[in-house]
Trainee: 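Pasting a structure below so you can have a look.
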Amino acid sequence: MTAIQRAKGMQDVLPEERRYWDLITEKAAELAHLFGFQRIDLPILEYTELYQRGVGEGSDFFVQKEMYTLEESEGVTLTMRPEFTAGFMRAYIQNGMSSWPQPVKLYTIGPAFRRERQQAGRYRQHSQFNCEILGEVDPAADVEVMLLAMNLYRSLGFSGLTFQLNSTGCPVCKPAYVQKLTNYLAQHLDKLGDLDKERIQRNPLRVLDSKEPGMDVLLADAPHIIDHLCDDCEAHFTDLRGLLDALDQSYSINFRLVRGIDYYTKTVFEVWAEGIGAQAAVCGGGRYDGLAEDIGGPSTPGVGFGSGIERIVLGMQEAGIEPPVPTQPTVLVAHFGGATKEAAVQLTFQLRAAGIGTRLAFARDKRSMKSQMREANKHDIQTVLIVGESELEQASVMVRPLDGGEQTLVKLTDVVAWLKNK
RNA sequence: GCGGGUGUAGCGUAGUGGUUAACGCGUCUGGUUGUGGCCCAGAAGACCGUGGGUUCAAAUCCCACCACUCGCCCCA
């Protein structure tokens with residue numbers, strides 16, 4: 001493995017693609033601030049226990065196979081964050097945010113790591129925009145994070161977006177529902193594939209988002225969780241829908257939308273977009289009122305979402321959305337080496353100090369003017385400043401516009417003003 | 001972990017058994033002495049993914065492996 005090659009599942013973000021990231025992160029931060037969220041940054045490495053507890057000891061499947069874990073010292077391991085929510089909650093508890101004005105609304109943008117086979121828009125290192133409201137049970141908080149996500153994709157120019165909405169209940173009502181679902185599925189074992197039979201054992205809710213053929217019909221008649229919610233969850237869901245309706249925000253109740261982890265409660269939602277392969281979801285979120293206790297802290301409600309930047313980029317490219325190209329210098333300083341090079345370097349930094357984006361022609365010794373002009377042309381330079389010996393004798397530079405205009409001799413002391421008035 | 005597709009210069013491709021592997025784009029240089037785009041010329045750049053095998057002869061046929069990619073599993 002000595003090849004010069006990036007590690008499996010990793011991506012280089014080159015300038016051409018980076019401009020999508022710039023636009024996304026810029027819009028995300030702008031919206032987050034508009035909604036009253038504050039940015040924080042969390043460590044990439046956390047003690048492994050945080051994720052073990054957060055996700056549940058039973059889910060050791062991914063703990064062993066899909067997390068990057070390294071040994072810190074004897075018996076102590078650190079894990080590269082596979083997600084953000086547990087880290088948010090840890091930071092909330094550890095920094096005493098329960099004594100801040102409630103609720104606490106936070107967002108962050110950064111990388112997360114999962115050791116899985118890659119698919120379209122799904123990599124081992126991926127970046128997420130995450131928003132969380134901690135310490136609030138009001139369904140209006142759910143609406144805030146949902147609409148923040150939706151507004152982001154709208155402002156980026158997406159069309160054909162849909163909200164997928166469901167409730168996953170709570171420890172009061174979920175177990176009974178899971179039992180009802182299991183019973184129903186048990187009565188139709190003959191219509192299930194091997195994969196779904198295994199899912200019944202491991203996590204019956206997962207049968208709901210099975211991609212096996214024929215499941216649409218079978219699941220349509222299965223018990224749906226929203227018909228089996230406890231009073232509290234029912235009220236929360238009703239309130240949430242009422243608020244969305246009041247906002248004229250459309251959504252699809254999707255009874256097959258599930259979260260496999262126990263700390264999720266009540267609201268679960270996704271935003272779907274086209275053009276990102278088999279994974280339609282461009283964002284996933286929900287309420288996690290049980291998480292704080294799971295990781296060993298005081299009961300703290302929370303709701304939020306995470307959105308994969310790579311998937312958004314993919315969707316934008318698919319939709320033909322063009323982010324702006326970052327501004328580059330429009331002035332190039334050319335020279336002939338020796339004393340003219342020194343003068344050219346001085347002029348270049350003088351222009352930059354005056355706020356004029358400037359590119360300096362590099363040349364170890366001397367370089368043909370043709371070559372320097374070609375360089376200017378390739379970089380969409382509008383004006384070339386030629387620093388030659390004859391010009392220097394007059395304390396001037398030749399100002400050569402590339403749009404076909406005449407070149408003129410300008411005093412060194414007047415160059416900045418000349419360029420600014422142009 | 002399972003399955004499909006693909007691997008020839010930086011990028012996109014041609015070449016399907018026979019001399020120094022081709023073309024386009026890109027890069028660099030030049031087309032007289034200090035001036036871009038277009039055009040012209042030249043140069044650099046590929047152990048044809050890797051390793052075996054078949055053959056007088058392999059980029060080309062066979063096998064294995066690796067990588068990339070898409071999907072399944074899983075999805076915090």
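In what follows, every chain begins at residue 1, and chains take the letters A, B, ... in the order their sequences are listed.
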Trainee: Could you give the distance separating B:rG51 and B:rG7 at their C1' atoms, to the nearest angstrom?
Mentor: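 One C1' to the other, the span is 15 Å.
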Trainee: Can you figure out which of B:rG34, B:rG31, B:rC74 approaches the side chain of A:M398 most closely?
Mentor: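 Output: B:rG34.
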Trainee: Is there a side-chain polar atom (N or O) of A:Q407 under 4.0 Å from OP1 or OP2 of B:rU35?
Mentor: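 Answer no for this pair, as no side-chain N or O of A:Q407 is under 4.0 Å from OP1 or OP2.
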Trainee: Side chain of A:E66: nearest nucleotide among B:rG37, B:rC74, B:rU35?
Mentor: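 Nearest to the side chain of A:E66 among the choices is B:rC74.
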Trainee: Taking side chain to side chain contact (heavy atoms under 4.5 Å, CB included) as the criterion, tell me which of A:L412, A:V415, A:L332 meets it with A:L385.
Mentor: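 Single pass found, and it is A:V415.
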Trainee: Which whole number of Å gives the distance between the C1' atom of B:rG30 and that of B:rU69?
Mentor: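 Pairwise C1' distance, B:rG30 against B:rU69, rounds to 42 Å.
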Trainee: Please determine, for the side chain of A:K8, which listed nucleotide (B:rU69, B:rA76, B:rC68) has the closest atom?
Mentor: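 My answer, after comparing the listed nucleotides, is B:rC68.
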Trainee: Pick the P atom in B:rG12 and in B:rG26, then give their distance to the nearest Å.
Mentor: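 B:rG12 and B:rG26 have their P atoms separated by 15 Å.
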Trainee: With C1' as the reference atom in both, quote the distance from B:rC2 to B:rA14 in angstrom, rounded to an integer.
Mentor: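 After rounding to an integer number of Å, I get 35 Å for this pair.
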Trainee: Between A:E212 and A:K191, does any side-chain N to carboxylate O distance fall below 4.0 Å?
Mentor: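 Salt bridge between A:E212 and A:K191, a charged N being under 4.0 Å from a carboxylate O: no.
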Trainee: Rounding to an integer number of angstrom, what distance separates B:rG52 and B:rA58 when you compare their P atoms?
Mentor: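 Roughly 13 Å separates the two P atoms.
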Trainee: Return the nearest nucleotide to the side chain of A:Q119; candidates are B:rC72, B:rG36, B:rA67.
Mentor: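 From the listed options, B:rC72 comes nearest.
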Trainee: Would you call the rings of A:F255 and A:H224 parallel, tilted or perpendicular, where under 30° means parallel and over 60° means perpendicular?
Mentor: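 A:F255 and A:H224: parallel rings.
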Trainee: Answer with base, sugar-phosphate or nothing: what part of the nucleic acid does A:R199 contact at a heavy-atom distance below 4.0 Å?
Mentor: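 The answer is sugar-phosphate, as A:R199 gets under 4.0 Å only of primed atoms, P, OP1 or OP2.
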Trainee: In terms of side-chain heavy atoms of A:R117, which of B:rC72, B:rC68, B:rG34 is nearest?
Mentor: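 That would be B:rC72.
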Trainee: Name the closest nucleotide to the A:R374 side chain, picking from B:rG36, B:rG34, B:rC74.
Mentor: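 The nucleotide sitting nearest to the side chain is B:rG36.
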Trainee: Are A:R259 and B:rA76 close enough that a side-chain N or O sits under 4.0 Å from OP1 or OP2?
Mentor: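 Yes.
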Trainee: Report yes if a donor N or O on one partner sits less than 3.5 Å from an acceptor N or O on the other, where the partners are the side chain of A:R400 and the base of B:rG34; otherwise report no.
Mentor: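 No, the side chain and the base share no sub-3.5 Å donor-acceptor pair.
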Trainee: Is the shortest side-chain N/O distance from A:K378 to OP1 or OP2 of B:rC28 below 4.0 Å?
Mentor: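 The answer is yes; a side-chain N or O of A:K378 sits under 4.0 Å from OP1 or OP2.
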Trainee: Counting just side-chain N and O atoms, does A:K370 come under 4.0 Å of either OP1 or OP2 of B:rU29?
Mentor: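 No, outside the criterion.
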Trainee: Inspect the contact between A:D196 and A:R199 and indicate whether a charged nitrogen and a carboxylate oxygen are less than 4.0 angstrom apart.
Mentor: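 Counted as a salt bridge, because a side-chain N and a carboxylate O are separated by less than 4.0 Å.
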Trainee: Check RNA chain B against residues 337-344 of chain A and give the residues with a non-hydrogen atom under 4.0 Å, in numerical order.
Mentor: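 Those residues: none at all.
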Trainee: Looking at A:E391 and B:rG34, is any side-chain donor or acceptor paired with a base atom of the opposite kind under 3.5 Å?
Mentor: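 For A:E391, whose side chain was compared with the base of B:rG34, there is a donor-acceptor pair (under 3.5 Å).
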Trainee: Nearest to the A:L402 side chain among B:rG36, B:rC2, B:rC68, which nucleotide is it?
Mentor: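 Within the option list, the nearest is B:rG36.
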Trainee: For the side chain of A:R122, counting heavy atoms from C-beta on, which of B:rG34, B:rC73, B:rG71 is nearest?
Mentor: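 Of the options given, the side chain of A:R122 lies nearest B:rC73.
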Trainee: Can you find a side chain N or O atom of A:R206 that sits less than 4.0 Å from OP1 or OP2 on B:rC75?
Mentor: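 Answer yes for this pair, as a side-chain N or O of A:R206 is under 4.0 Å from OP1 or OP2.
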Trainee: If we take the P atom in both B:rG37 and B:rG49, what is their distance in whole Å?
Mentor: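 Between the two P atoms, the distance is 37 Å.
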Trainee: Report yes if at least one side-chain N or O of A:Q118 is closer than 4.0 Å to OP1 or OP2 of B:rC70; otherwise report no.
Mentor: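 For B:rC70, OP1/OP2 do have a side-chain N/O of A:Q118 under 4.0 Å.
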Trainee: Taking only the C1' atom of each, what is the distance from B:rC68 to B:rU32 in whole angstrom?
Mentor: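 Comparing C1' positions in B:rC68 and B:rU32 gives a spacing of 50 Å.
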Trainee: Does B:rG30 have OP1 or OP2 under 4.0 Å away from a side-chain N or O of A:S368?
Mentor: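 Looking at the OP1 and OP2 atoms of B:rG30, one of them is under 4.0 Å from a side-chain N or O of A:S368.
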